[in-house]
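Here is the structure we will look at.
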Amino acid sequence: MRRKITAELEAWAARPNKKPLVIFGARQTGKTTSALDFARSHEAYADVIHIDFYRQPGLKAAFAASLEPKTVVATLEALLGREISPGNTLLFLDEIQDCDQAITALKYFATDAPEYPVIAAGSLLGVHVARSGSFPVGYVDMLTMHPMDFEEFCWALGEERAFGLARSSFQGLTECPVHDHLLGIYREYLLVGGMPEAVRTYAEGRSLPAARVVQSNIRTAYAADMVKYISGVDAAKVGACWDSLPAQLAKESGSTKFMWKYVAPGAKAERYESAVDWLGASDIASRCTQVSDGLAPLKSFEKPSSFKLYVADTGLLSDAYGASPADLETKDARTGHFRGGMAENYAMQQLVAVGQKPYYWGAQSTGEVEFVIQAKDGVIPIEVKSGKHVASPSARRFAEKYGCPYLIRVSEKNFGAHEGVRSVPLYAACLLGEL
């Protein structure tokens, strides 16, 4: 399937002084498939050597005796019985978190053997780096791969033309002629999400139950990773934080702020904070921290102890809920918090996928702005609504207080602009990165 990371891989390959490239990202986001598809189709590479350290542990021997690139290459050629030609062969080191020596060797490929193009990828690589502390910072280029955003989902479903109209409407904030059609696809995305295998399965037969099987298997794999890579007690803490997210995002109070009491009775930050850090480092959850003021740089006003935690893929969240299409269509006020949490999680996923670093502002008791971003025009508040009944008192108050050039309201309403409010439909949230 077509992925946006391909353009970034092409840009990396075209750099005259490129370093080894490391692709971060959660399991099952498509890192291996995208890297191999790119390598096999790129005209500069006559061959690609794919080394999977998880499936081929014997190949770790190539990095055991020496990290000198020419020795590593010669050993790999002997073990694989294949030639690795400088410049013409791309070396793809997959599941590199299973081989510390290979991670260290990237530095020497950068300094001593730049003629060998190297791409490395790994599941839980962020966790591994945070734990071991050994990473060749400054000697590698880096990309992070996320689940498919809504535009990529449209591509997979053959709806590229429809989203093209949304993009045109976004640029001029004019009404989109296929608004209702795209809202329907948005609701499909809430349930299917952006994990490539789930999307492919759904695209083939439009069967949500079939996609649910894939999603359930991914969530099971995530739970298995927690057991495999963390000690017993800590794994239980990570699992408890992960399992609490559906409840965290659908609280009766309406606030999606992460609260420790939803993790376990008597849970405290000092005991569970490292578990939340693990979820973030693994890229299976995204953290959104509160800021005390809406001034640039937002990072300087960050309050780390107050945060929201979102599931990195809305499809996995909907699977955890066991949500159905009817659950999204109902107007029952009693399920409004669920729908609101799903819309927030979706918006966070789209913002993260396009490289934004969202924060939030305020509190449930005094008024809260779901997201605050730093754009080229300045600091921008973003209010997210799951339906068409919209009001933006908190975002307006924020915009007035901090002199924001405008505020953005993401909802089921069509594109438009009125009195400093820019209306962006939910299906166009992935375009907000272009601000």
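Note: hydrogens, waters and symmetry copies are ignored here, and every other heavy atom, side chains too, is used. If you read the sequence from its start, that first residue is 1, and numbering goes on from there.
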Taking [X] for the side chain and [Y] for the main chain, is one N or O donor matched with an acceptor at less than 3.5 Å?
X    : Y    : value
Q349 : T314 : yes
Y272 : A240 : no
Q56  : D52  : yes
R271 : K237 : no
Q350 : L431 : no
E175 : G416 : no
N217 : V214 : no
Q374 : L298 : yes
K401 : D293 : no
T33  : G30  : no

- Message: Would you say the rings of F301 and Y359 are close, in the sense that their centroids are separated by under 6.0 Å?
- Response: no
- Item | Pair F92 and Y45, ring centroids less than 6.0 Å apart | no
- Query: Between D37 and R3, is a salt bridge (Lys or Arg N to Asp or Glu O under 4.0 Å) present by the stated rule, with each step listed?
  - Reply: CA-CA 10 Å; D37 285 350; R3 300 297 304 272; over 6 Å; no
- Applying ring-ring contact (aromatic ring centres under 6.0 Å, His included), which residue pairs with at least one partner in residues 403-435 are found, sequence neighbours left out? H179-Y427
- Where at least one partner belongs to residues 11-34, residue pairs that pass ring-ring contact (aromatic ring centres under 6.0 Å, His included), sequence neighbours excluded: F24-F135
Shortest non-hydrogen contact from [X] to [Y]?
X    : Y    : result
A26  : K31  : O-NZ, 2.8 Å
W361 : V291 : CD1-O, 3.4 Å
S423 : L173 : O-CD2, 4.0 Å
D327 : A323 : OD2-CA, 3.4 Å
Y346 : L426 : OH-O, 2.6 Å
E188 : R206 : OE1-NE, 3.7 Å

- Task: With side-chain contact (heavy atoms from CB on, under 4.5 Å) as the test, would you mind laying out the steps for H181 and L165 before giving the verdict?
- Result: CA-CA 11 Å; H181 178 66; L165 292 174; over 6 Å; no
Once rounded to the nearest 0.5 Å, what's the spacing between atom [atom1] of [X] and atom [atom2] of [Y]?
X    : Y    : atom1 : atom2 : value
I382 : M348 : CD1   : CE    : 11.0 Å
T144 : E8   : OG1   : CD    : 9.5 Å
K385 : R409 : NZ    : CZ    : 9.5 Å
D180 : E412 : CG    : CD    : 9.0 Å
C430 : F153 : SG    : CZ    : 12.0 Å
E197 : I218 : CD    : CD1   : 6.0 Å

- Go through the steps for E95 and R55 under the test salt bridge (Lys or Arg N to Asp or Glu O under 4.0 Å), then give the verdict. CA-CA 9 Å; E95 300 294 354; R55 294 185 179 183; over 6 Å; no
- SB check R287 E273 (cutoff 4.0 Å): yes
- Message: Taking the basic N atoms (NZ, or NE/NH1/NH2) and the acidic carboxylate oxygens, is any pair closer than 4.0 Å for R397 and E400?
- Response: no
- Task: Start with the C-alpha distance between Y116 and L91, add both sets of side-chain angles, then the distance that settles side-chain contact (heavy atoms from CB on, under 4.5 Å), and finish with yes or no.
- Result: CA-CA 7 Å; Y116 289 98; L91 191 59; 6.0 Å; no
Residue pair [X] / [Y], side-chain donor-acceptor N/O under 3.5 Å:
X    : Y    : result
R339 : T335 : yes
E368 : Y360 : no
S292 : K303 : no
S318 : R212 : yes

- What do the steps show when you test I96 against H128 for side-chain contact (heavy atoms from CB on, under 4.5 Å), and what is the final call? CA-CA 10 Å; I96 196 171; H128 180 83; over 6 Å; no
- Would a 4.5 Å heavy-atom cut-off, applied to side chains only, mark E151 and W155 as touching? yes
- Task: Apply the test salt bridge (Lys or Arg N to Asp or Glu O under 4.0 Å) to residues K251 and E344: give CA-CA distance (whole Å), side-chain angles for both, the deciding distance (0.1 Å), then the verdict.
- Result: CA-CA 13 Å; K251 292 194 288 291; E344 254 192 66; over 6 Å; no
